[in-house]
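Notes follow once the structure below has been shown.
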Amino acid sequence: MRRHLKQGWWLTGQHFFIVIVLFLYELLWGFFLYRTIDSIVTPLLQRYPGIEGGEDAVRLFLTEAQFQLMKTDLIHPYLWLFASLLAGRMLITPLVNAGLFYSLHASESEGGTRFLAGIRAAWRPVTLLYFLEVALTIAPGIWVVPRLYEALIGSDTLAELSASALPLAGGWFAGAVLLHLLFLAMQFGAVTGKGAFGGLSEGLKKLLPFAGVSLLMWAIGLLLSLTAASVSMLWAGLLALVLHQGFHFVRTIMKVWTVAAQFAAWQSNEAKEG
């Protein structure tokens, strides 16, 4: 596993230009999303009466808001807006994945980065596999979500809710993780010329190291996120702002390193490792 992490780190260094491009993309996306939400929420909050307005004013504000949300089409433009944003994000993500995955493969034989060439060469199969993964991940929700809602409504205590809801939610989450790893292997196969089923076969053969590297990198990323959040809360002010903005770059590095380590585990030659 250490070998895969080191190989992934080396591949990340080889693709530092892509790291910068992805960081700028995430930064612009986050800024645009923030400004969109701010333009919607701020005018609404300006009408909030506050504590000084009294309980009756607050109750009237909430009643009016509930009526407008449930009985009018006020929220429809906002729902369409966020649906459009989500659709745009979902269209861009497989293109980015195709460029990155192809470049990771090509870097060993051709050197340098092949991001744009990867998008042109592999966007179709990667996009198809991406949307198929999304559909299969969401599909169990048709059965799971109503039962989670019933557990929420029918539980009197937190312990009772946990006992009834956690197995369902945990099973759905575990299935989504396994599905993601299998489809990731198929996408690796698609960009390396082995084909989706060839990539799936490789992923199944090396499922333990492939999953182990993935879980370890996700755990490291989660630990870094919790550390950055804790420091930001403890050290408020300019330092917290700098740390918060800088962590976006660290998170982008972690994303590319994770994919690179997964690719190294997927393509590893077990005979050479033995």
Side-chain angles (χ1 to χ4, degrees), residues 8 22 25-26 29-30 33 79-102 104 118-119 122-152 161-162 164-192 194-222 225 251-252 254-263 265-266:
L22 293 180
Y25 161 67
E26 293 288 347
W29 175 266
L33 185 62
L79 291 178
W80 280 110
L81 174 61
F82 283 108
S84 300
L85 291 175
L86 178 61
R89 179 81 174 191
M90 292 181 66
L91 288 174
I92 294 174
T93 296
L95 301 182
V96 172
N97 290 344
L100 178 59
F101 298 166
Y102 184 90
L104 291 173
I119 294 177
W123 73 270
R124 290 183 181 85
V126 172
T127 300
L128 177 62
L129 291 169
Y130 172 80
F131 280 104
L132 184 58
E133 176 192 347
V134 171
L136 292 178
T137 301
I138 296 176
I142 300 174
W143 183 85
V144 174
V145 171
R147 283 156 181 78
L148 291 177
Y149 179 75
E150 292 174 1
L152 177 63
L161 175 62
S162 300
S164 56
L166 283 181
L168 289 172
W172 190 11
F173 177 76
V177 170
L178 178 60
L179 198 64
H180 172 69
L181 293 178
L182 296 179
F183 270 89
L184 184 62
M186 294 171 72
Q187 292 176 63
F188 286 159
V191 301
T192 57
K194 294 183 177 181
F197 291 105
L200 178 61
S201 176
E202 289 292 320
L204 291 174
K205 290 177 184 177
K206 304 162 186 175
L207 184 59
L208 287 180
F210 187 46
V213 166
S214 302
L215 293 175
L216 178 58
M217 292 301 300
W218 291 337
I220 294 174
L222 178 61
S225 298
R251 187 171 58 183
T252 305
M254 287 300 304
K255 286 182 179 180
V256 176
W257 186 13
T258 299
V259 172
Q262 290 171 322
F263 182 77
W266 173 83

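The number of heavy atoms from other shown groups lying within 6.0 Å of CZ (Phe131) is above 12. For Phe197, the CZ atom is loosely surrounded, since the number of other residues' heavy atoms within 6.0 Å does not exceed 12. More than 12 heavy-atom neighbours from other residues, nucleotides or ligands sit within 6.0 angstrom of CG on Leu79. Shown here is Tyr25, whose OH atom has more than 12 heavy atoms of other residues, nucleotides or ligands within 6.0 Å.
Pairing each heavy atom of Trp143 with each of Leu168, the nearest pair is CZ3-CD2, 3.6 Å. When all heavy atoms are compared, the tightest approach of Gly199 to Lys194 is N-CB, 4.4 Å. Scanning all heavy atoms of the two residues, the minimum distance from Leu148 to Ala165 falls at CD2-O, 3.6 Å. Here the shortest heavy-atom pairing between Ala265 and Phe210 reads CB-CA, 4.1 Å. For the pair Ile138 and Trp172, the tightest heavy-atom approach, listed with the atom from each and the gap, is O-CZ2, 4.1 Å. Listed here is the closest heavy atom pair of Pro94 and Val126: O-CG1, 3.5 Å.
A salt bridge links Lys255 with Glu26: the distance from a Lys NZ or Arg NE/NH1/NH2 to an Asp or Glu carboxylate oxygen falls below 4.0 Å.
Counting only distance, with no hydrogens or angles, the side chain of Ser164 and the backbone of Leu161 share a donor-acceptor pair below 3.5 Å.
At a threshold of 4.5 Å between non-hydrogen side-chain atoms, the residues Leu129 and Glu133 do not count as touching. By the 4.5 Å heavy-atom criterion applied to side chains, Phe82 and Leu33 are counted as neighbours. No side-chain heavy atom of Val213 sits under 4.5 Å from any side-chain heavy atom of Trp266.
Atom CE of Met90 is separated from atom OG1 of Thr127 by 11.0 Å, given to the nearest 0.5 angstrom. Taking CD1 from Ile119 and CG from Leu100, the interatomic distance works out to 10.0 Å, rounded to the nearest 0.5 Å. Annotation: the span from Leu178 atom CG to Phe183 atom CZ amounts to 10.5 Å, rounded to 0.5 Å. Annotation: the span from Gln187 atom CD to Leu128 atom CG amounts to 10.0 Å, rounded to 0.5 Å. Rounding to the nearest 0.5 Å places CG of Leu132 at 9.0 Å from OG1 of Thr137. Considering CG of Leu182 and CE of Met186, their distance stands at 8.5 Å, rounded to 0.5 Å.
Residues Phe101 and Phe263 place their aromatic rings such that the two centres sit no closer than 6.0 Å.
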Evaluate side-chain contact (heavy atoms from CB on, under 4.5 Å) for Leu95 paired with Tyr130, printing each intermediate quantity in order. CA-CA 10 Å; Leu95 301 182; Tyr130 172 80; over 6 Å; no
